[in-house]
Amino acid sequence: MKSTSARLLQLLSLLQTRKDWPGSDLADRLAVSPRTVRRDVDRLRDLGYPIQATMGTGGGYQLGAGAALPPLLLDDDEAVAVAVGLRTAAQGGVSGIEETSVRALAKLLQVLPSRLRRRVDALGAFTVPMPSEGPTVDADILALIAATCRDSERLRFDYESHGGAASRRIVEPHRLVSHGRRWYLVAWDTGREDWRTFRVDRMRPLTPTGPRVPPRDPPEQGVAAYLAERMNLHMWPIKARVRLGVSAEEALEGPAARYGPVEAVDEHSCVLLCAGQELVGMACYLAMLDVEMEVEEPAELRAEMARLGERLTRTGRTPS
């Protein structure tokens, strides 16, 4: 028979792995009687764990949310993942949580078993964070937007576009997406009556938030694919159609898939839709695809690629 304290820890661990546990299943897993399970649940409640019980034939137990955060039980991989996440958060990206992340990491490292502490310490000792000058996001703003997504509330905010234009927007938030060091909000813009993406570091939310609204169906291609499409095509001023001399299947397996959507033409060619900030940069990236291509539009990109080709030809000549 296990000691009461060991049995309580095992019971707590089981309650954290599933939403609902029938009392009979818990009794079987712990090798005790249902009456002992009821007593152990009462002991956990006395320690501050909010365990809800349902009576009847299908009754059981569920670990709920309480007024205070009780101790959590993490397995080895979960503990390492939390430590790595805290170490990453302490290095920036979301402003305002660096110090609290360090404090939480110190508490976690203090109680980690030595075998796990060595894994976390090795990661910290043999990795070098690359300083970034990218934008940071205020943690309170991120939490506010996440709450409006969760509660299906309208959100008003002042926004600065990529070109510096200021506007006030009213949206129905759907999801937050983390891409690199940047955070984006995918939301239904009530003024444009369409889905839009917004850089969170350019948002200044206005409070109080708006009324609740019924959740909308997400973009047909999914949130991540929609954001990738917006980032590849809609946020850049120069749009282009480029016919590639390979099939769509081959193009999608190579680097062309990172540049934008690919449309099949026939079994030997496809069209790449791409966008960029400047012509010379687009010409260089397209040249790196190393496939036969024809720029259908714009004409300015064709001229830039011709100039690039002439320059590379001169550079490739044997020195006299």
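For clarity, every value in this text was computed on a predicted model and none was experimentally measured.
- No continuous path of ILVMFWY side-chain contacts below 4.5 Å connects Leu206 to Val137, so the two sit in separate hydrophobic clusters.
- Atom CE in Met203 sits 5.0 Å away from atom CG in Leu185 (nearest 0.5 Å).
- Remark: Arg39 does not engage Asp42 in a salt bridge, criterion side-chain N to carboxylate O under 4.0 Å.
- A salt bridge links Asp76 to Arg115: one of the charged nitrogens lies within less than 4.0 Å of a carboxylate oxygen.
- Leu144 and Val186 fall into different hydrophobic clusters, where Ile, Leu, Val, Met, Phe, Trp and Tyr residues are linked whenever their side-chain heavy atoms come under 4.5 Å apart, directly or through other members.
- The closest side-chain heavy-atom distance from Arg87 to Leu105 is below 4.5 Å.
- Across all non-hydrogen atoms, the minimal contact from Ala256 to Ala251 is CB-O, 3.8 Å.
- Electrostatic pairing of Arg196 and Asp194 counts as a salt bridge here, judged by a charged N lying under 4.0 Å from a carboxylate O.
- For the atom pair Glu297 CD and Arg302 CZ, the distance stands at 8.5 Å (nearest 0.5 Å).
- Between Glu294 and Arg243 no salt bridge is recorded (no basic side-chain N to carboxylate O distance below 4.0 Å).
- Salt-bridge formation is detected for the pair Glu304/Arg307: a Lys NZ or Arg NE/NH1/NH2 atom is positioned less than 4.0 Å from an Asp or Glu carboxylate oxygen.
- Taking hydrophobic clusters as Ile, Leu, Val, Met, Phe, Trp and Tyr residues chained together by side-chain heavy-atom distances below 4.5 Å, Met282 does not share a cluster with Leu308.
- Put simply, the side chain of Thr313 gets close to the backbone of Gly309: a donor and an acceptor are under 3.5 Å apart.
- The same ILVMFWY cluster, assembled from side-chain heavy atoms under 4.5 Å apart, contains both Leu30 and Leu47.
- The existence of a salt bridge linking Asp201 and Arg199 is confirmed by a sub-4.0 Å separation between a basic side-chain nitrogen and an acidic carboxylate oxygen.
- Counting heavy atoms from C-beta outward, Phe157 and Ile145 have side chains that stay 4.5 Å or more apart.
- Here the closest heavy-atom approach between residue Pro205 and residue Leu155 is recorded as CB-CD1, 4.2 Å.
- With a 4.5 Å cut-off on side-chain heavy atoms, Thr209 and Asp151 do not count as touching.
- Across every non-hydrogen atom of Leu14 and Trp21, the tightest pair is O-NE1, 2.6 Å.
- Ring centroid separation for the pair Tyr184 and Phe198 does not come in under the 6.0 Å cut-off.
- Classification of Asp40 and Arg43 as a salt-bridged pair holds, one side-chain N sitting under 4.0 Å from a carboxylate O.
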